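All remarks here apply to the structure that follows.
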Amino acid sequence: MVVQIALILAVVVQFIAFGITISLITKTRFNIAWISISVGFLLMALRRVMELIATFSSQAEQSTSHVSSWIAVVISIAMLLAAVYIRKIFLLLDHLQKLREKNETRLLSAVISTEEKERKHFAKELHDGLGPVLSAAKMALSAMDKKELGKFNSQIVTKTEHSINNAIVTTREISNHLNPQVLERYGIEKAINTFLKNIISKDSPEFVLKSNMGELRFNHHFEVIIYRIACELINNTLKYANAKKAVLTIAATADVVHFQYEDDGIGFDQENTEWKGMGLTNIKSRVKSLNGTIDINSQPLHGVAVDIKFPQDKTQILTTQP
Ligand SMILES: Nc1ncnc2c1ncn2[C@@H]1O[C@H](COP(=O)(O)OP(=O)(O)OP(=O)(O)O)[C@@H](O)[C@H]1O
Ligand SMILES: [Mg+2]
């Protein structure tokens, strides 16, 4: 009796499994996998039904055992076929995932380089468009004979000259920030050093740049990415860290460019910080666009440590100046 109940339960479960696998046939490209499993479950249920009948008569038991063995062989073949095709499904999923990641990287790369092109264009417009207009205004004012103007008007002209001078400097600074000339001419190390030299802040921490790059040049896209990342991390240290010291290490080897940044400031809680800004998110996108890896570590009162690795095939060291 117990054996019969178990067999009936097995038949019911196998029919349910059969129904589920039948419904999956149209869901994937490799429907043969689900057809094989369905056939397997159907035959299993059939075998159990035969076993159930055999429990009622010993004569039936003898005649069914032969058929049952062959059904078992067919079930095994169906399951083997299913396993082969399910493996194919997983390989396909893996392939799709890699394709998706590759497309994502390509898209990011395109967005970042379009952004850089726009910055360059804007910088050029400012430098070549607004710059000469301001210089012309400055020259016209300096050509004025101030003695003729009287004290009051002369003061106004002097103040205007001063404002135009400020506007010229600011235009140059904005243009240079959008498209750093030092970076284009002399490479990463010099550009970061220049950025550090231009920091005017009373409470600025000591910044140390350790790099084996010297005058090594890389492809422009990569240089811009490294430069922007360094600037953002340095700016964050200045804005939030209240640090005494920050160290930036860039080591270029044959295989990777290893970029490490550390400050000893107040740090932040990575779990609970509200990421309102775009800085760190942009850094991650920039790294991803070059197939790099990034690890950001920070805890309150324990500073910030950022570790980035770029594969060499994306950085393309150029031995000569571009
Ligand atoms: N060096 C640091 N020391 C302490 N806290 C930091 C540091 N860097 C980042 N943070 C914290 O992480 C948050 C996110 O930084 P992120 O650079 O993404 O944005 P943001 O600097 O606030 O804005 P944005 O970069 O867009 O101007 C910051 O608001 C700050 O709370
Ligand atoms: Mg920031």
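Given the structure is predicted, the values throughout are model-derived calculations rather than measurements. When a ligand or atom number is given, it counts from 1 through the structure's own listing order. Scope of the values below: all heavy atoms of this structure, side chains included, with no hydrogens, waters or symmetry mates.
Without hydrogens or angle criteria, E223 side chain to G187 main chain gives no donor-acceptor distance under 3.5 Å. D263 places a side-chain N or O within donor-acceptor distance of the main-chain N or O of V304, the cut-off being under 3.5 Å. Under a 3.5 Å cut-off, the side chain of T237 and the backbone N or O of L233 do form a donor-acceptor pair.
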### Task
Please assess E51 against R48 for the test salt bridge (Lys or Arg N to Asp or Glu O under 4.0 Å), listing each intermediate value before the final yes or no.
CA-CA 5 Å; E51 280 170 16; R48 297 289 98 83; 3.2 Å; yes
### Message
Applying ring-ring contact (aromatic ring centres under 6.0 Å, His included) to F222 and F310, what does each step give before you reach the verdict?
### Response
CA-CA 9 Å; F222 173 72; F310 295 101; 5.1 Å; yes
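Under the 3.5 Å distance criterion, with hydrogens and angles disregarded, no donor-acceptor pair is assigned to the side chains of N179 and H121.
Polar contact with ligand 1: present for M278 (N/O pair, distance under 3.5 Å). Considering both main-chain and side-chain atoms, E232 comes within under 3.5 Å of ligand 1 through a nitrogen or oxygen pair.
Counting only non-hydrogen atoms, the option in G267, G279, A243, G265 that gets closest to atom 4 (C) of ligand 1 is G267. Evaluated by nearest non-hydrogen atom to atom 18 (O) of ligand 1, the leading choice among T237, L280, N282, N235 is L280.
Under 2.8 Å from the Mg ion (ligand 2), one finds the following protein N/O/S atoms: E232 OE2, N236 OD1.
Qualifying salt bridge (charged side-chain N to carboxylate O under 4.0 Å, His left out) partners for D128, counting only residues two or more places apart in sequence or in other chains: K124.
Within 6.0 Å of the CZ atom in R119, the count of heavy atoms belonging to other residues, nucleotides or ligands exceeds 12.
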